[in-house]
Structures are given as C-alpha cells and as structure tokens.
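The next block holds one structure in the form of structure tokens; read it before the comments.
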Amino acid sequence: MFTTPVWDLDESKILTRRELATVLRAPAQTASQRRNRIIVRLACCCGLRVSEIAALRMDDVVVGVPRPHLRLRRETTKGKRPRNVPLWWDAGTLAELGAWKAQRAEDGAGDHDPFVCSVQSNRYGESLQRAALRRRFLSACKVLGADRLRKLTIHHGRHTFISHALAGGRTLAEVRAAAGHSNVAVTSAYLHIVVDDQESVGSLFLGS
C-alpha cells in the first residue's frame, strides 16, 4: 500500500498530447534542430533529468535488443540509484534515438562519448552543460508560442513523461522504476493528470 501524496501536481507542468505532438512534428532539418528534439525526447518521452541527459553516454543507449532501453548509471542519478528506462514503450522515441546514435557513431563517437553533444563545427562532439541543455529544450518548444514557452522548463519534460506513461496504461510499478522515484506515492500523484486537451463540447449531462 502507498499513502496519498501530500502535494498536488500543477497540470501546467506537463505538455499535453497536442503540445507534445506539435513539438515532435516540427521540422528538424538542421543538425541543431535534430539535436534539440533528441533533448525533448529524453526529457518528455524518457523522463530524464537535465543532469542525466548531460551525463548520458553512447553506450547507455541500448538498442538492437529485444528490450531496448536507456541505462542510467548510479553515478549519474539522483539518490545514486541506477535504473533502466524502457524505450520499447514508444516506437517514435526508439526510432529517433536509435537514428541519432547511429549518426553519432558514423561521425566517430565512441562508447563513452556523450550521447547529446554540441553540433557546432568547431566543438562537434563535446558535451553540453546543463544551462545549454535547458536552452536547447526551450528552443525546440518555441513552436508552442511565447506565452507557453515562458511557463516551461526542461524539468516539465519529466512530469510529462510520467503523466503520459500512466495515462497510456503503464503500471505504477513500471513508471516508478522508469522514473527512479524512491516512493510509489510520488508516482501516484500523477495518476489523475489530464494529458488530453480536447476542445470539443462534451456531453456531461446526457439528454440535455
């Protein structure tokens, strides 16, 4: 059994399905745009903290196996607890991260090189600091408009992942493990978050 969380989660802290689709379907024609969308995938579709994205290595992205996943090493996680984040939950995320890894490998990246890196010609392959990752996340989210952008941070991607995973039918135990929560009560706070944003008129009172 778990206790009821003593805090409420602000629904503005998640990207709705429509918002997430808008970001992920935006044109990504340049290397910088593709890299920025990888950051969005890692935050919103995998639930990684900014520090975990910064520390992710090439060999931490395990693809080409029956259960592809991200391997979060003990030294890179909050609480120093290693965890695996499933990539088989979402085909789009698996495909995009797999393609990015393949491109990095083709460009000469080794197993211990950063997965997310600078794409500037004079700094290509170098790791990015947390502040740069935060800026790149927001750059990818510009398609949502200035008003929404002012309310977003990269950590909202983590809230988005947890909320969407639960709404999509993953169990509390699965999501807790993927998110690395120490207490299932924290995960349960996301159970009733609405991830849809339908604007059509409903039928709350049948026959009216």
Side-chain angles (χ1 to χ4, degrees), residues 1-26 36-54 56 67-70 72 77-79 81 83-97 116 130 133-134 136-145 147-200 202 204:
M1 292 293 292
F2 55 85
T3 58
T4 302
V6 296
W7 53 280
D8 293 322
L9 183 65
D10 183 353
E11 292 192 11
S12 70
K13 292 182 181 292
I14 74 158
L15 278 74
T16 64
R17 282 200 178 100
R18 182 178 302 176
E19 287 178 328
L20 190 53
T22 297
V23 173
L24 295 177
R25 290 172 183 165
N36 294 350
R37 195 154 72 190
I38 290 297
I39 295 170
V40 171
R41 287 282 189 185
L42 292 171
C44 295
C45 306
C46 301
L48 270 60
R49 300 176 176 92
V50 64
S51 59
E52 295 169 341
I53 297 174
L56 197 68
R67 294 282 182 165
H69 60 277
L70 301 179
L72 280 295
T77 65
K78 183 178 179 180
R81 291 184 297 271
R83 72 181 192 275
N84 288 339
V85 179
L87 292 178
W88 71 86
W89 289 0
D90 182 68
T93 298
L94 174 58
E96 197 156 4
L97 295 187
V116 178
R130 298 180 191 182
L133 290 168
R134 294 184 181 104
R136 299 300 96 210
F137 176 86
L138 292 177
S139 180
C141 293
K142 283 182 179 179
V143 292
L144 300 179
D147 288 344
R148 185 65 169 124
L149 200 65
R150 281 192 288 269
K151 300 174 183 177
L152 288 177
T153 72
I154 194 170
H155 197 70
H156 291 165
R158 181 168 165 81
H159 295 306
T160 298
F161 165 72
I162 298 167
S163 301
H164 284 255
L166 289 170
R170 311 314 305 196
T171 67
L172 270 174
E174 287 177 313
V175 178
R176 176 194 177 185
H181 287 153
S182 59
N183 191 323
V184 74
V186 177
T187 316
S188 71
Y190 296 81
L191 276 171
H192 303 296
I193 294 294
V194 177
V195 298
D196 283 311
D197 53 356
Q198 299 296 328
E199 296 178 353
S200 58
L204 181 61

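Heads up: numbering here begins at 1 and tracks the sequence.
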Do [X] and [Y] have side-chain heavy atoms sitting under 4.5 Å apart?
X      : Y      : value
Arg41  : Asp90  : yes
Ile162 : His181 : yes
Cys44  : Phe161 : no
Leu42  : Thr93  : no
Ile193 : Ile14  : yes
Thr22  : Leu15  : no

NZ/NE/NH1/NH2 to OD/OE distance under 4.0 Å, Arg130 and Glu52: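 A salt bridge is absent here (no side-chain N lies under 4.0 Å from a carboxylate O).
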Which heavy atom of [X] sits nearest a heavy atom of [Y], and at what distance?
X      : Y      : answer
Ser182 : Arg81  : CB-NH2, 3.5 Å
Leu20  : Thr160 : CD2-CG2, 4.3 Å
Arg37  : Arg25  : NH1-C, 4.2 Å
Ala26  : Val143 : CB-CG1, 3.9 Å
Trp89  : Ala178 : CH2-CB, 4.0 Å
Ala167 : Val195 : CB-CG2, 3.7 Å

Can you tell me how far the [atom1] atom of [X] sits from the [atom2] atom of [Y], to the nearest 0.5 Å?
X      : Y      : atom1 : atom2 : answer
Thr77  : Arg49  : OG1   : CZ    : 7.5 Å
Lys78  : Arg83  : NZ    : CZ    : 11.0 Å
Cys45  : Leu24  : SG    : CG    : 5.0 Å
Thr153 : Arg134 : OG1   : CZ    : 8.5 Å
Cys46  : Leu97  : SG    : CG    : 5.5 Å
Arg67  : Leu87  : CZ    : CG    : 12.0 Å

Passing option when Leu133 is tested against Ile39, Asn36, Leu138 for side chain to side chain contact (heavy atoms under 4.5 Å, CB included):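 Of all the options given, the one that passes is Ile39.
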Side chain to side chain contact (heavy atoms under 4.5 Å, CB included) between Leu72 and Asn84, worked out: CA-CA 6 Å; Leu72 280 295; Asn84 288 339; over 6 Å; no
Backbone N/O of Val40 and side chain of Arg136: donor-acceptor pair under 3.5 Å: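 No, Arg136 side chain to Val40 backbone: no donor-acceptor pair under 3.5 Å.
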Mutual orientation of the aromatic rings belonging to His155 and His159 [parallel < 30°, tilted 30-60°, perpendicular > 60°]: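 Geometry flag for His159 against His155: perpendicular rings.
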